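Residue numbers start from 1 in every chain, and the chains themselves are labelled A, B, ... in the order their sequence lines are given, proteins ahead of strands. Please read all numbers here as calculations on a predicted model, not as lab measurements.
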There are 2 protein chains.
Amino acid sequence: MRIGELAARTGVAPRLLRYYEEQGLLKPGRSANGYREYDEALVERVRQIRSLLASGLSTRTIRTVLPCLLDGQFHVRDAAPQTLAALEREYRQLVERVECLSRSRDAVGAYLGAVRALTGAGAGA
Amino acid sequence: MRIGELAARTGVAPRLLRYYEEQGLLKPGRSANGYREYDEALVERVRQIRSLLASGLSTRTIRTVLPCLLDGQFHVRDAAPQTLAALEREYRQLVERVECLSRSRDAVGAYLGAVRALTGAGAGA
DNA sequence: CTTGACTCTCACACCGGTGTGAGAGTTCGA
DNA sequence: TCGAACTCTCACACCGGTGTGAGAGTCAAG
């Protein structure tokens, strides 16, 4: 599919799809006329990129992490030791972030629960 | 304590501490000479802010969420309905993010596990 | 009193992710 | 064949978080 369709299906502006390509996150083929040609699988990939970006990871980090996230298709061979070390760091930060966010989530949840209890639980759960 | 000490103890530049104040995340007192005076408890608070920022939350969001994170001291009375609605939204986004980040964490973790298994587990766990 | 470390405010600048427009080429249906 | 809609590249601009510097005030130690 071309960039417009991918944009429509992912809700991500063409501008950004080009940007992600520039950052090495996407590698669409090219038609004879120069148009980008996107594989079906890239729909999911774009969603993943968006998720990771929203979670505070940089495109640089995502470029490192993304190859590992293609459902179980680990291509371990081409993993340079430096890449692995970086990945270990990212993993630790990911763990930290999940913990921090989980705590925040629980705190906010507890607060909302308390408010509902006190105000007669008017809010739709 | 003054801004320099807080910066030293949190590893956060004075510039940023002022910025967080400007964004309504911190409200230090002022000495007679105009210097900011930080309460001991703000050390922890600054760390929390940093974590949330690193997790992709905006200062605006953090400003909404932060009051609920001060260990159980819910001041429910002054909760305007709009604030609560906003908080509900933030909560849902928090849940989403935790899920997204958890997936990424697990994927990276699985990858690292696979690599260790194949390369003789040289990495220090 | 002087000096140096610290603080204040203000302002410009960087970077990364994103928006937007210009100008030119391609595709496709009316 | 014409025009609308799409694509391309390039470039400037915005915004949020951050760095950095200028110019001035505060304060403690020598």
Grab the [atom1]-[atom2] distance between [X] and [N] for me, whole Å please.
X: A:E22; N: C:dG16; atom1: CD; atom2: P; value: 11 Å
X: B:I62; N: D:dG17; atom1: CD1; atom2: C1'; value: 11 Å
X: A:E5; N: C:dT27; atom1: CD; atom2: P; value: 17 Å
X: A:L16; N: C:dG19; atom1: CG; atom2: C1'; value: 9 Å
X: A:L17; N: D:dC6; atom1: CG; atom2: P; value: 15 Å
X: A:L57; N: C:dG17; atom1: CG; atom2: C1'; value: 14 Å
X: B:Y38; N: C:dT7; atom1: OH; atom2: P; value: 9 Å

Could you walk me through whether A:L16 and A:V46 pass side-chain contact (heavy atoms from CB on, under 4.5 Å), step by step?
CA-CA 10 Å; A:L16 289 183; A:V46 168; over 6 Å; no
Output the single nucleotide from [options] whose closest atom is nearest the side chain of [X].
X: B:I3; options: D:dC8, C:dT18, C:dC8; value: C:dC8
X: B:R2; options: C:dT7, D:dG16, C:dT27; value: C:dT7
X: B:Y19; options: C:dC8, C:dG17, D:dG17; value: D:dG17
X: A:Y35; options: C:dT26, D:dG17, D:dG19; value: C:dT26

Consecutive-pair stems (3 or more, Watson-Crick or G-U, under 3.5 Å) for DNA chain D
C:1-30 with D:1-30
Test side-chain contact (heavy atoms from CB on, under 4.5 Å) applied to B:Y38 and B:R9, step by step:
CA-CA 12 Å; B:Y38 293 92; B:R9 289 179 59 183; over 6 Å; no
Applying the 4.5 Å side-chain criterion to the ILVMFWY set and letting contacts propagate, would B:Y35 and B:L6 be lumped into a single cluster?
no
Would you classify B:R50 as touching base, sugar-phosphate or nothing, given that sugar-phosphate means primed atoms plus P, OP1 and OP2, and contacts are heavy atoms under 4.0 Å?
sugar-phosphate
Looking across every strand, which nucleic acid part, if any, lies under 4.0 Å from A:R30 by heavy atom: base, sugar-phosphate, or nothing?
sugar-phosphate
Do B:S58 and B:T61 have a side chain donor and acceptor closer than 3.5 Å?
yes
Report yes if a side-chain nitrogen or oxygen of [X] is closer than 4.0 Å to either non-bridging phosphate oxygen (OP1 or OP2) of [N]; otherwise report no.
X: A:Y20; N: C:dG17; answer: no
X: B:R36; N: C:dT9; answer: yes
X: A:T59; N: C:dG17; answer: yes
X: A:N33; N: D:dT7; answer: no

Determine yes or no for a side-chain-to-main-chain donor-acceptor pair under 3.5 angstrom, with B:S31 supplying the side chain and B:N33 the backbone.
no
Side-chain donor/acceptor contact of A:R15 with base of C:dT20 under 3.5 Å:
yes
So that I can tick it off, tell me whether B:R36 and B:E21 are bridged by a salt bridge, with the cut-off set at under 4.0 angstrom between side-chain N and carboxylate O.
yes
NZ/NE/NH1/NH2 to OD/OE distance under 4.0 Å, B:E88 and A:R116
yes
